[in-house]
Novice: 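Would you mind keeping the following structure in view while I ask a few things?
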Amino acid sequence: MTSNVRTRFAPSPTGGLHLGGVRTALYSYLFAKKHQGQFILRVEDTDQSRYVSGAEQYIADCLAWCGINTDESPLQGGPYAPYRQSERKDIYKQYALQLVSQGDAYYAFDTPEELESMRHDNKTASNPSPQYDHQVRMKMKNSLNLLPDEVNALLAVNTPYVIRYKVPQNEFITFNDMIRGEISNDSNLLDDKVLLKADGMPTYHLAVVVDDYLMKITHAFRGEEWLPSAPIHILLWKALGWEQAMPQWAHLPLILKPDGNGKLSKRDGERLGFPIFAMDWTDAQTRETTKGFKEIGFLPEAFINMLAMLGWSSGEAKELFSKEELIEKFSIERVHKAGAKFDFEKAKWYNHEWIKHSAAETLFPQVKALYEKENIAVQHDDLLLKIISLVKDRCVLMNDFIMQGSYFFQKPASIDTEAVKPKWNEEKQLFFQELSNVLDAITVWDAVNIETAFKELALIKNIKVGELQLPFRVMLVGGKYGPAVFQIAEIIGKDETIQRCNDFKLS
RNA sequence: GCCGCGUUGGUCAAUCGGUUAAGACGCCUCCCUUUCACGGAGGAAUGACGAGUUCGACUCUCGUACGUGGUACCA
């Protein structure tokens with residue numbers, strides 16, 4: 001079953017995919033799927049100076065990892081291809097020209113220097129950032145002032161030009177945002193936005209309108225930072241005669257820094273020690289890699305669950321949702337208006353919950369891959385499965401499976417002798433010397449028998465069992481962690497247990 | 001500066017005029033566990049401020065403050 005609902009995610013391929021971007025994609029996707037509609041990925045690569053090769057594939061990979069499946073995209077194509085704006089250049093120009101001939105846009109020949117001096121000259125204390133608007137446009141070098149012949153002459157000699165939208169005066173632009181309700185703006189405060197750049201590429205303003213129209217987008221989700229230019233886009237929809245087909249807007253609240261103020265940025269992640277990008281991103285120039293949620297050990301289910309709850313709530317006292325549940329429950333009405341500070345602790349909690357609630361079988365492929373990467377030899381898959389279920393409760397990030405599980409397969413890389421030192425004495429040393437023999441005598445090697453033998457010896461030696469269990473654990477595991485120690489001994493086997501005890505030295 | 005948007009505990013948040021103002025994260029205490037977790041019980045902690053509307057305001061209106069975004073031939 002399908003409906004006519006079509007949403008899109010339209011990032012520009014300039015680098016790592018920010019978690020705010022993923023959330024925008026997620027909400028668009030959830031909304032589309034809830035209404036049996038389509039979700040489209042469109043790449044907004046109109047700024048050639050910021051284009052980063054590989055970023056497009058990377059974005060597609062991030063979405064795929066998150067389970068945010070696209071119905072149409074540059075890579076898979078679709079009925080409204082191409083989905084890369086750089087490949088749609090001619091389309092935009094045609095509409096820009098249409099606006100010029102209608103009198104809704106004009107050629108502007110101002111050089112960057114001229115624009116700068118205009119801004120400089122008009123700058124006052126009460127107006128620190130002058131705009132190219134109805135007050136100044138008649139003083140600039142554009143087809144509004146120049147004679148038609150002059151314009152044609154300039155065009156004839158290939159003078160660089162841009163096409164600017166001519167904002168109508170004295171209009172109130174009001175529109176209904178699905179999240180914020182009615183929003184209105186005074187057109188006199190708007191500037192004449194560039195629609196078509198000197199290099200022939202459209203700006204976002206033109207491209208978003210043209211593409212949303214041509215691609216039949218019905219609901220447009222984007223970040224709140226676009227709210228100030230929304231009236232321009234609405235004016236453009238009207239000028240192009242497409243008002244009836246205009247999508248419904250939803251301006252999502254921003255994701256803010258956990259401390260201080262402002263939008264969450266890549267820098268904040270580095271500063272505070274958590275990822276900002278969905279997946280690892282390596283800068284082509286510096287070769288620097290910025291860590292992603294995937295690589296530090298997040299489960300995609302947990303990642304999107306966390307993101308979904310950052311700005312939306314179901315209204316129930318429930319926070320754990322699968323993608324399918326999110327699709328079913330998601331509603332625009334329940335999206336918050338205010339920005340949300342990102343809380344990495346809470347993000348980790350989601351991941352921990354997802355690991356705990358996932359079946360060992362589900363976790364298995366990832367853990368196995370992780371172990372292979374870490375060169376931890378897994379003798380039997382069954383054993384790994386057993387270990388996953390034994391330790392998953394104490395793994396917050398997938399990578400925790402390394403510390404929590406590797407000692408089952410190999411001797412601990414290091415032994416936390418400091419943990420046993422304070423209470424260590426000769427009696428205990430003797431106990432462990434004898435323990436080898438006692439353990440060796442066990443015929444049926446299981447946790448119960450090991451524990452019984454261990455406790456009997458402790459009784460004979462008159463040492464508290466509790467004081468012996470910690471050293472025993474450290475010998476087997478390497479530190480003060482892991483499940484029941486006798487269970488561990490059972491799994492690693494008699495020989496290995498005895499060997500690790502014998503290898504133990506307090507240095 | 002101007003314009004837009006926002007404002008319930010430290011954080012995420014429920015409430016859509018009448019509640020002892022949910023729940024979660026984090027924090028603290030205790031139980032369980034002679035590791036670390038998990039689990040369980042409890043605790044501290046919230047409506048920015050000021051007017052108004054109303055029998056009644058966290059909820060509606062206005063103002064103030066604060067926060068945030070925009071103010072590019074970037075998206």
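Just so we're on the same page: letters track the sequence lines, and every chain starts at 1.
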Novice: What's touching nucleotides 39-47 of chain B from the protein side, N or O pairs under 3.5 Å?
Specialist:
| unit_1 | atom_1 | unit_2 | atom_2 | d |
| --- | --- | --- | --- | --- |
| B:G39 | OP1 | A:K356 | NZ | 2.9 |

Novice: With sequence neighbours left out, write down each residue that passes salt bridge (Lys or Arg N to Asp or Glu O under 4.0 Å) with A:E328, or none if nothing qualifies.
Specialist: none
Novice: Kindly write out the residues that satisfy salt bridge (Lys or Arg N to Asp or Glu O under 4.0 Å) with A:K455, not counting sequence neighbours, or none if the list is empty.
Specialist: A:E451
Novice: Is there a donor-acceptor pair closer than 3.5 Å between any side-chain N or O of A:S187 and the backbone N or O of A:P168?
Specialist: yes
Novice: Please, what dot-bracket string fits RNA chain B when only Watson-Crick and G-U pairs with both distances under 3.5 Å count, crossing ones use [ ] and pairs to another strand use |?
Specialist: (((((((..(((.....[....))).(((((.......)))))....(((((..]....))))))))))))....
Novice: Answer yes or no: is there a donor N or O on one side and an acceptor on the other, between the side chain of A:R23 and the main chain of A:L310, under 3.5 Å?
Specialist: yes
Novice: Could you state the CG-C1' distance from A:D343 to B:G9, rounded to the nearest angstrom?
Specialist: 14 Å
Novice: Nearest-Å distance, CG (A:D192) to C1' (B:C73)?
Specialist: 14 Å
Novice: Rounded to whole angstroms, how far apart are CG on A:L256 and P on B:G69?
Specialist: 7 Å
Novice: What are the atom names and distances for every N/O pair under 3.5 Å that joins the protein to nucleotides 63-65 of chain B?
Specialist:
none

Novice: B:A14, B:G6, B:A75: which one has an atom nearest the side-chain heavy atoms of A:T46?
Specialist: B:A75
Novice: What's the NE2-P distance between A:H205 and B:G70, to the nearest Å?
Specialist: 12 Å
Novice: Among the nucleotides B:C74, B:C25, B:A14, which one has an atom lying closest to any side-chain atom of A:H336?
Specialist: B:A14
Novice: Residues two or more places apart in sequence or in another chain: which of them pass side-chain hydrogen bond (donor to acceptor under 3.5 Å, both in side chains) with A:N188?
Specialist: A:N170
Novice: Let's test your reading of the model: under 3.5 Å, does the base of B:A24 pair with the side chain of A:K346 as donor and acceptor?
Specialist: yes
Novice: May I have the list of side-chain donor-acceptor pairs in residues 189-197 of chain A shorter than 3.5 Å, sequence neighbours left out?
Specialist:
| unit_1 | atom_1 | unit_2 | atom_2 | d |
| --- | --- | --- | --- | --- |
| A:D191 | OD1 | A:K193 | NZ | 2.7 |
| A:D191 | OD2 | A:K193 | NZ | 3.3 |
| A:D192 | OD1 | A:R137 | NH1 | 2.9 |
| A:D192 | OD1 | A:V167 | N | 3.1 |
| A:D192 | OD2 | A:Y106 | OH | 2.5 |
| A:D192 | OD2 | A:R137 | NH1 | 2.9 |
| A:K197 | NZ | A:T46 | O | 3.1 |

Novice: Hey, is CG on A:D259 packed in by over 12 heavy atoms from elsewhere, all under 6.0 Å?
Specialist: yes
Novice: Examine B:G70: is either OP1 or OP2 under 4.0 Å from a nitrogen or oxygen in the side chain of A:S229? Give yes or no.
Specialist: no
Novice: In chain order, what residues pass the side-chain hydrogen bond (donor to acceptor under 3.5 Å, both in side chains) check against A:K323, with sequence neighbours excluded?
Specialist: A:Y29, A:N69
Novice: Given B:C36, is OP1 or OP2 found less than 4.0 Å from the side-chain N or O atoms of A:R473?
Specialist: no
Novice: So, using side-chain hydrogen bond (donor to acceptor under 3.5 Å, both in side chains) as the criterion, who are the partners of A:D283 when residues are at least two apart?
Specialist: A:T286
Novice: What integer number of Å spans the C1' atoms of B:G63 and B:U7?
Specialist: 15 Å
Novice: In whole Å, what separates the P atom of B:G43 from that of B:C49?
Specialist: 26 Å
Novice: I need the CD1-C1' distance between A:I388 and B:A37, as an integer number of Å.
Specialist: 17 Å
Novice: Using the test side-chain hydrogen bond (donor to acceptor under 3.5 Å, both in side chains), find all partners of A:E301 that sit at least two apart in sequence or belong to another chain.
Specialist: none
Novice: A:K93: what forms a salt bridge (Lys or Arg N to Asp or Glu O under 4.0 Å) with it, not counting sequence neighbours?
Specialist: none
Novice: Return the set of residues passing salt bridge (Lys or Arg N to Asp or Glu O under 4.0 Å) with A:R394 (not counting sequence neighbours), or none when no residue passes.
Specialist: none
